[in-house]
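In this text, all values refer to a predicted model and were calculated from it rather than measured experimentally. Throughout, protein chains are lettered first and strands after them, A, B, ... in sequence-line order, and every chain is numbered starting at 1.
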Amino acid sequence: GQNIDQPTEMTATEGAIVQINCTYQTSGFNGLFWYQQHAGEAPTFLSYNVLDGLEEKGRFSSFLSRSKGYSYLLLKELQMKDSASYLCAVVTGDYKLSFGAGTTVTVRA
Amino acid sequence: GAVVSQHPSRVICKSGTSVKIECRSLDFQATTMFWYRQFPKQSLMLMATSNEGSKATYEQGVEKDKFLINHASLTLSTLTVTSAHPEDSSFYICSARGHHDHEQYFGPGTRLTVT
């Protein structure tokens, strides 16, 4: 089976930085996605990593270490609208996605 | 970017009836579509994978006779929940992948409530 772990909840202050970690043990690996999901809505794409290293996109960055089975999503200059659930998803084969349980981030004023 | 639509966005039905949910890729041809289910405060669970013109592949524990999937064209897949029960109440989300794409594009989801 697939095992994808991420923290359940995180809280941070507006303007701060938050790092969401994701560790995985999966049968096969063809890349890792991070998605943002607001309550009652579908996930929206944030990043995709398939090679080791850091991918930066504006306020959001994602890092991958394949040898360690580890990724993180870094959110900088937090805004209230960043309060959402963040999903780590591994592409395990045949383009199937296995999702972690999601991390709920709450941004406080 | 690629757009995927779902219809209906919300549906309430009575126990024992069937409900059909449509998933359409609006501006690209989706060789593969995926159906997920998400219960409150839980993550997305893959139910099945469907390829145009062939039978869907169901994940372990998902009843294929209860969740009927039809992928009749490169832009449309349907999920029919047959003989729905209250425990089938959930958020159903589809996604679509193009032929040369590693990314899946998600539909907006369908909230099903079975009374």
Are B:Asn70 and B:Leu68 side-chain neighbours, meaning at least one heavy-atom pair lies under 4.5 Å? no
Taking the side chain as everything from C-beta on, heavy atoms only, tell me whether B:Ile69 gets closer than 4.5 Å to B:Thr78. no
Just checking B:Ile12: does its CD1 atom have more than 12 heavy atoms from other residues, nucleotides or ligands closer to it than 6.0 angstrom? no
Counting only heavy atoms not in A:Met10 (residues, nucleotides, ligands), do more than 12 fall under 6.0 Å from its CE? yes
Could you walk me through whether B:Phe67 and B:Val62 pass side-chain contact (heavy atoms from CB on, under 4.5 Å), step by step? CA-CA 8 Å; B:Phe67 298 99; B:Val62 178; 3.9 Å; yes
Please answer: with hydrophobic residues joined when any side-chain heavy atoms are less than 4.5 Å apart, are A:Ile17 and A:Leu54 in the same cluster? yes
Which answer fits B:Leu44, side chain, backbone, both or neither, if we ask what part of it has an atom under 4.5 Å from a heavy atom of chain A? both
Taking all heavy atoms of B:Thr17 and all of B:Cys13, pick out the closest pair and write down the distance. OG1-CB, 3.5 Å
Top residue by heavy-atom pair count (under 4.5 Å) with chain B, among A:Gly102, A:Pro43, A:Ala39? A:Pro43
Scan the chain B/chain A interface and emit each donor-acceptor pair under 3.5 angstrom with its distance.
unit_1: B:Gln38; atom_1: OE1; unit_2: A:Gln37; atom_2: NE2; d: 2.8
unit_1: B:Gln38; atom_1: NE2; unit_2: A:Gln37; atom_2: OE1; d: 3.0
unit_1: B:Ser43; atom_1: OG; unit_2: A:Gly100; atom_2: O; d: 2.4
unit_1: B:Glu59; atom_1: OE2; unit_2: A:Lys96; atom_2: NZ; d: 2.7
unit_1: B:Gln104; atom_1: NE2; unit_2: A:Tyr95; atom_2: O; d: 2.7

